[in-house]
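FYI, the numbering just counts along the sequence from 1. Side chains included, hydrogens not; waters and symmetry mates left out as well; all remaining heavy atoms used.
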Amino acid sequence: CPRWEEEKKEDGVKWTQLEHRGPYFAPLYEPLPDDVQFYYDGKPLKLSLATEEIATFYAKMLDHEYTTKEIFQNNFFNDWRKEMTSKEQKIIKDLDKCDFREIHKYFVDKSEARKALSKEEKQKLKEEADKIQEEYGYCILDGHREKIGNFKTEPPGLFRGRGDHPKMGMLKKRIMPEDVVINCSKDSKIPEPPEGHKWKEVRFDNTVTWLASWTENIQNTLKYIMLNPSSKLKGEKDWQKYEVARRLKDVVHKIRAQYQADWKSKEMRKRQRAVALYFIDKLALRAGNEKEEGETADTVGCCSLRVEHIKLHPRLDGQEHVVEFDFLGKDSIRYYNKVSVEKLVFKNLELFMKNKDPGDDLFDRLNTSILNRHLQSLMDGLTAKVFRTYNASITLQEQLKALTHSEDNVAGKLLSYNRANRAVAILCNHQRSTPKTFEKSMQNLQAKIDAKKQQVEEAQQELKKAEDEFKDTKDSKAEANVEKKQKLLKRLEEQLAKLNVQATDKEENKQIALGTSKLNYLDPRISIAWCKKFGVPIEKIYNKTQREKFAWAIDMADEDFEF
């Protein structure tokens, strides 16, 4: 039977046997050649090894937008100076006087040289990487050889963050064995730390699924080495996540009726909870966690919204009761939206904002733990994230039904799929900035379209010539030529249609990240059922890694699956 249907363990126990090699550490720094120099105020300056390594992190990013941002520059320079020798600190006092261009060129040339390697040399590098993967990339879990997800520690570098993160540019320090906690089973062969080092701690905790962990220095958060998404434990967890969201379908009408009734409650806390739940349900907002004081980014979710994050418009753009949201959400991604809401929601928001300053909490009688306790009482396992998963999956299923035409070719059906997926990404606010290569790739695509149009026109002329010849001669050879030219024209027209679909798709999705919702919020069985029903190969939707991750869904879903 499939691995995800094997006998279940007692509550809380995730495995009985876990054996692995521990993490693969980032290689140590290789100093720059003597002829590659750093310049300060126009003069070459030999840097100490630690200072030079950090200079290379910045130099590698010279052609990136990050290094033009003041906050990135300031954070980098502050952290870099902390690592300098006292002699270097006395000399290097101004980032504008630092010249990293020679170092930058060295790494660009190195990258080009790597691309230009012969097929044999590339194969040799691949074999070396495969050897590391073979040694560190697998573990033994309850008798199964399972693939590990991210078995390498992240190399040191500069923190980028998403959106406008206030810590961008800070130094991500090298992870050492002394930072790492190992988790395995007592009877297994405990992984050996690199020579001359020791682990921070070795644990035997079978109630968690991570193999190793450490605390990163920028945000002080725990990082884990986990199993690959295709593993049995991950597959089970994924399947259960979507099953909880499917259970919500049976009670969601009752929950909505309840929170709508609570908009008129005599208790302010119930009204606030009901309006917050409406936002989580209708707009797929995250619940939002309380932030620590200090430097962390000022990001908020539904429960932590402040008065300054919304504006109320009785009428706007021909709509009534419009709420204008503007705040930084998860990963410092801006959430900006104008939404027409129910009249009672609008009236309640007016009440919640009354006599408050811009910096005051909108929902001052509510926090995430209160909200999650309430959700748990409505349905076992219910959280704000379950609403997000439910609404994303239902939206995809409904959009696919509305947009797919069975008579379309595969390219047309894929365009419909991406449009359905985009509706979900917009609902979940999964944005991205337009890729740097967008203009160039669009120009290339347009050039292909123009060339294909030319071929179609030529084929049309050729066909007309062949038809005229057949009219004159009624010759069987001429008739066969007409058929041949018709087939060629049909093939070229299909290719042109496919290129046009690609261009439309590319343009429509240039600022939308489709991948996040597809991999984390959409029940894969919806997509797999759609593929089976409309004759679209599954590999057109999910790549090899994703098909391994969703093996459980491919195994379970037939074309009649309903979320």
Return the [atom1] to [atom2] distance between [X] and [Y], rounded to the nearest 0.5 Å.
{"X": "Leu378", "Y": "Tyr259", "atom1": "CG", "atom2": "OH", "value": "11.5 Å"}
{"X": "Arg286", "Y": "Tyr335", "atom1": "CZ", "atom2": "OH", "value": "11.0 Å"}
{"X": "Phe77", "Y": "Asp96", "atom1": "CZ", "atom2": "CG", "value": "9.0 Å"}

(message) Tell me if a side-chain donor or acceptor on Asp179 pairs with a main-chain N or O of Met176 at a distance below 3.5 Å.
(response)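 Yes, because the side chain of Asp179 sits within donor-acceptor range (under 3.5 Å) of the backbone of Met176.
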(message) Test your reading of the model: is there a side-chain donor-acceptor pair from Ser111 to the backbone of Phe107, 3.5 Å cut-off?
(response)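 Side chain of Ser111 to backbone of Phe107, a donor-acceptor pair under 3.5 Å: no, none is there.
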Side-chain contact, heavy-atom cut-off 4.5 Å: [X] with [Y]?
{"X": "Asn337", "Y": "Val323", "answer": "no"}
{"X": "Val386", "Y": "Lys241", "answer": "no"}
{"X": "Val339", "Y": "Phe279", "answer": "no"}
{"X": "Thr67", "Y": "Phe76", "answer": "no"}
{"X": "Leu277", "Y": "Leu375", "answer": "yes"}
{"X": "Ser213", "Y": "Asn183", "answer": "no"}
{"X": "Ile541", "Y": "Trp530", "answer": "yes"}
{"X": "Ile148", "Y": "Tyr136", "answer": "no"}

Between [X] and [Y], is there a side-chain N and carboxylate O pair less than 4.0 Å apart?
{"X": "Glu548", "Y": "Lys544", "value": "yes"}
{"X": "Arg174", "Y": "Glu53", "value": "yes"}
{"X": "Glu216", "Y": "Lys223", "value": "no"}
{"X": "Arg101", "Y": "Asp99", "value": "yes"}

(request) Can you spot which of Lys270, Arg273, Arg271 makes a salt bridge (charged side-chain N to carboxylate O under 4.0 Å, His left out) with Asp262? (result)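 Passing option: Arg273.
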(message) My understanding is that only one of Lys338, Arg334, Lys311 makes a salt bridge (charged side-chain N to carboxylate O under 4.0 Å, His left out) with Asp326; could you say which?
(response)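 Going through Lys338, Arg334, Lys311 one by one, the salt bridge (charged side-chain N to carboxylate O under 4.0 Å, His left out) with Asp326 is satisfied by Arg334 alone.
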(request) Have a look at Leu396 and tell me which of Val424, Asn391, Asp523 forms a side-chain contact (heavy atoms from CB on, under 4.5 Å) with it. (result)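 Going through the options one by one, the only one that passes is Val424.
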(request) State which residue, out of Trp552, Tyr521, Tyr390, fulfils the side-chain contact (heavy atoms from CB on, under 4.5 Å) condition with Tyr242. (result)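 Filter result, single survivor: Trp552.
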(request) For Glu154, enumerate each residue passing the salt bridge (Lys or Arg N to Asp or Glu O under 4.0 Å) test, keeping only those at least two apart in sequence or located in another chain. (result)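 Glu154 satisfies salt bridge (Lys or Arg N to Asp or Glu O under 4.0 Å) with Lys172 once adjacent residues are dropped.
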(request) Output all residues satisfying salt bridge (Lys or Arg N to Asp or Glu O under 4.0 Å) with Lys401, sequence neighbours left out; order by chain, then residue number. (result)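 Only Glu562 meet the salt bridge (Lys or Arg N to Asp or Glu O under 4.0 Å) criterion with Lys401.
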(message) Run the side-chain contact (heavy atoms from CB on, under 4.5 Å) test against Asp361 and tell me which residues pass, sequence neighbours left out.
(response)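 In terms of side-chain contact (heavy atoms from CB on, under 4.5 Å), with neighbours along the sequence ignored, Asp361 is linked to Arg306, Asp364.
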(request) Go through the steps to decide whether Tyr278 and Gln260 satisfy the test side-chain hydrogen bond (donor to acceptor under 3.5 Å, both in side chains), and finish with yes or no. (result) CA-CA 8 Å; Tyr278 170 79; Gln260 285 167 10; over 6 Å; no
(request) Kindly indicate whether a cation-pi arrangement holds for Lys69 with Phe72, taking the cut-offs as under 6.0 Å to the six-membered ring centre and within 45° of the axis. (result)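 Cation-pi check for Lys69 and Phe72: fails.
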(request) Could you walk me through whether His321 and Glu342 pass side-chain hydrogen bond (donor to acceptor under 3.5 Å, both in side chains), step by step? (result) CA-CA 7 Å; His321 311 120; Glu342 304 280 344; over 6 Å; no
